[in-house]
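One structure is given below, encoded as structure tokens.
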Amino acid sequence: MTLKSDDVRSIAHLARLHIEEEAVDHYVDDLSSILALVEQMNQVDSQGVEPLSNPLDATQRLRDDKVTEENQRDKFQQIAPDVAEGLYRVPRVIE
Amino acid sequence: MPMTVTEIRQGLASGQFSSVEITRDYLQRIAQHNPVLNCFISVTEDIALQQAEAADALLAQGNPGLLTGVPLAHKDLFCTDGVKTSCGSRMLDNFIAPYDATVVECIRDAGAVMLGKTNMDEFAMGSSNENSWYGSVANPWNTAYVPGGSSGGSAAAVAAGLAPAATGTDTGGSIRQPAALCGVTGIKPTYGRVSRYGMIAFGSSLDQGGPFARSAADCALLLQAMSGFDARDSTSSDTPVDDYSARLEQGIEGFKIGLPKEFFAEGLDSRLARVIETAIDELRKQGAEICDISLPNTALSIPTYYVVAMAECSSNLSRFDGVRFGHRCDEPVDLEDLYKRSRGEGFGAEVKRRILIGTYALSAGYYDAYYLKAQQLRRMIKNDFQTAFDSVDLILGPTTPEVAFKIGAKTDDPVSMYLQDIYTISLNLAGLPGLSLPVGFVDGLPVGMQLIGNYFDEARLLQVAHRYQQVSDWHLQTPEAYS
């Protein structure tokens with residue numbers, strides 16, 4: 001699988017990741033060589049093998065739906081880039 | 001010569017020195033050597049001396065805990081309340097963690113003193129520690145060489161005696177590989193043994209914390225303090241924790257050790273292979289039975305690992321959006337610009353590569369071909385190990401295909417860097433425990449041997465490593481500049 005520059009631009013958009021225009025070609029090469037490595041997986045027939053998502057085949061533990069955390073909003077917002085009146089500020093979304 | 005944790009505990013218990021004294025010694029060594037080695041991102045001198053004073057008070061009462069008064073360092077990936085936790089990234093250069101990781105809490109509850117936070121590859125992505133926003137770490141055995149990664153700062157700090165022990169994390173070899181390249185002992189426990197709460201996530205189904213130290217006996221103490229069930233980690237295991245120190249002195253007679261032929265095949269430096277063979281002979285003399293086994297899907301572990309790890313990384317790192325914490329770009333024009341530029345500026349090249357590949361692998365139309373396929377191969381790799389453990393007690397091989405390489409030697413070729421992980425990553429895919437211990441040198445650089453255990457059989461790995469260290473002194477060697 002060889003990627004094209006437009007593929008890289010569209011993946012970067014999906015990842016909400018800005019990449020410099022002059023670096024796109026470099027990413028095309030790097031990502032294509034990684035994908036070539038990854039495609040070694042196709043040498044093996046894995047039809048019918050059950051996918052493994054947790055190495056111990058464990059399933060998610062459940063707990064009672066009770067509040068267990070205390071509110072630490074003020075502490076957590078001390079490290080936020082921009083807050084006002086307990087809210088996180090971002091550029092205007094709705095015109 | 002730098003002391004072991006065991007020696008420090010004895011010295012503290014007998015009153016030979018106080019925790020404040022030994023802590024000051026280490027802080028002084030850090031001040032002297034860190035400018036060259038660059039092992040530490042933050043040195044927490046005030047906290048260390050405060051904790052050391054409290055430890056001395058506890059020691060005076062004659063009721064010390066497992067690690068009371070012992071100084072050590074944390075990889076800068078574990079959240080530490082009120083202390084910068086950068087994960088080696090510009091993204092978190094301004095991040096003061098608002099809570100402690102469970103590992104940090106456990107180690108503090110055991111009485112240890114925190115010297116500081118160690119350097120690492122950005123978000124634990126790398127095998128050389130060259131991907132840190134804070135610069136490369138130098139290998140204490142030869143400062144022109146890499147210490148390995150991603151926990152390179154922790155491994156180098158222990159090797160140079162800037163800390164007697166340190167914590168690390170291992171997603172594809174990030175404890176074992178730097179332990180090997182720096183000539184120290186490190187163990188990655190079974191997935192779920194050590195809590196991941198407060199450990200900044202890279203590949204959540206692969207990540208596991210563990211210790212670095214100068215001996216297996218020291219690792220046993222640290223792992224004891226770190227292990228156990230934690231309700232705050234959804235994949236934490238409630239399997240009872242063994243007493244790791246208790247079994248150390250038992251012999252290894254009759255242990256069946258399997259050598260996977262794929263771990264000794266093409267790609268392994270023959271000089272390194274000879275060093276490993278000498279160590280195997282020693283284990284044979286100690287009564288272990290050695291036999292050949294096969295892990296047929298070993299070569300597939302690299303592509304499989306990189307799909308799983310990159311997919312999980314792209315998902316985990318989506319939380320860094322410039323809104324709630326971490327780096328935010330200047331003057332964003334809209335929300336999309338805020339996300340894109342904050343992330344573009346905050347992340348380094350390797351992290352970006354992995355986010356892009358992971359995003360691609362998980363995108364519509366490609367999921368089955370990449371992620372699902374990788375999860376199927378992951379089960380085949382796990383099954384190989386299961387079959388092997390039907391006939392052997394543990395598996396042994398080299399930790400890495402070659403000794404440390406020069407800083408800059410592989411930076412232009414990400415794929416050749418990934419191949420460094422060939423012997424370590426299959427354990428993360430399978431969730432198995434692995435230990436690396438030093439067994440000799442090639443060209444003046446340390447060689448690591450890897451012991452692989454069955455699930456939750458960490459005690460046996462420590463027992464075998466300890467037995468070897470009773471009859472060898474590779475683990476006691478220190479680079480001349482730091483002895």
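Quick note on labels: first sequence line is chain A, next is B, and so on, each numbered from 1.
Taking CG of A:Leu31 as the reference point, atom OG1 of B:Thr359 lies at 10.0 Å (rounded to 0.5 Å). Atoms CZ and CG, on A:Arg16 and B:Asp321 in that order, are 11.5 Å from each other to the nearest 0.5 Å. Rounding to the nearest 0.5 angstrom, the gap separating the CG atom in A:Leu35 from the OH atom in B:Tyr306 is 14.5 Å. Between atom CZ of residue B:Arg379 and atom OG of residue A:Ser46 there is a gap of 12.0 Å, rounded to the nearest 0.5 Å. Remark: B:Ile381 CD1 to A:Leu52 CG distance equals 9.5 Å, nearest 0.5 Å. Rounded to the nearest 0.5 angstrom, A:Asn54 CG and B:Thr235 OG1 are separated by 6.5 Å.
Looking only at heavy-atom pairs under 4.5 Å with chain A, the residue among B:Tyr191, B:Tyr455, B:Phe347 that has the most is B:Tyr191. Taking chain B as the reference chain and counting heavy-atom pairs below 4.5 Å, the highest number among A:Leu37, A:Leu14, A:Ile34 is found for A:Ile34. Comparing A:Gln77, A:Arg92, A:His13 by how many heavy-atom pairs each has under 4.5 Å with chain B, the most go to A:His13. Counting heavy-atom pairs closer than 4.5 Å to chain B, the top-ranked of the candidates A:Gln60, A:Glu50, A:Gln78, A:Gln40 is A:Glu50. Annotation: maximal heavy-atom pairing with chain B below 4.5 Å, among A:Gly48, A:Pro51, A:Ala58, occurs at A:Pro51.
Both the backbone and the side chain of A:Ala12 come within contact range of chain B, each with at least one heavy atom under 4.5 Å from a heavy atom of that chain. With a 4.5 Å cut-off on non-hydrogen atoms, B:Phe456 touches chain A through its side chain but not through its backbone. When heavy atoms are compared at a cutoff of 4.5 Å, B:Val323 approaches chain A by way of both its backbone and its side chain. With a 4.5 Å cut-off on non-hydrogen atoms, A:Arg63 does not touch chain B at all. For B:Phe95, the part lying near chain A is the side chain, with the backbone staying farther off; criterion is any non-hydrogen pair under 4.5 Å. In this structure, chain A has no heavy atom under 4.5 Å from any part of B:Ser204. Both the backbone and the side chain of A:Val38 have a heavy atom closer than 4.5 Å to some heavy atom of chain B. Heavy atoms closer than 4.5 Å to chain A are found in both the backbone and the side chain of B:Ser234. Of the two parts of B:Leu300, only the side chain, counted from C-beta on, holds a non-hydrogen atom closer than 4.5 Å to a non-hydrogen atom of chain A.
B:Asp233 has no carboxylate O lying under 4.0 Å from a charged side-chain N of A:Arg61, or vice versa, which leaves the two without a salt bridge. The pair A:Asp30-B:Lys352 fails the salt-bridge criterion, with no side-chain N (NZ, NE, NH1 or NH2) lying under 4.0 Å from an Asp/Glu carboxylate O.
Considering only residues two or more places apart in sequence or on other chains, B:Asp368 meets the salt bridge (charged side-chain N to carboxylate O under 4.0 Å, His left out) condition with none of them.
Contacts classified as salt bridge (charged side-chain N to carboxylate O under 4.0 Å, His left out) and involving residues 17-29 of chain A (residues at least two apart or in different chains) are given here: A:Arg9-A:Glu21. Legend: salt bridge (charged side-chain N to carboxylate O under 4.0 Å, His left out) pairs involving residues 339-350 of chain B, not counting sequence neighbours, sorted by first then second residue: B:Glu336-B:Lys340, B:Asp337-B:Arg341, B:Arg341-B:Glu345, B:Glu350-B:Arg353, B:Glu350-B:Arg354.
Closest approach of B:Gln376 to A:Val49, counting heavy atoms only: NE2-O, 3.0 Å. Nearest heavy atom pair, residue B:Thr304 against residue A:Met41, reads CA-SD, 4.0 Å.
A donor-acceptor pair under 3.5 Å is absent between the side-chain atoms of B:Lys373 and the main chain of A:Asn42, judged by distance alone.
In this structure, the side chains of A:Gln72 and B:Pro98 stay at 4.5 Å or more apart for every pair of heavy atoms.
Residues of residues 324-333 of chain B lying under 4.5 angstrom from chain A, judged on non-hydrogen atoms, are B:Arg324, B:Phe325, B:Gly326, B:Arg328, B:Pro332, B:Val333 by number.
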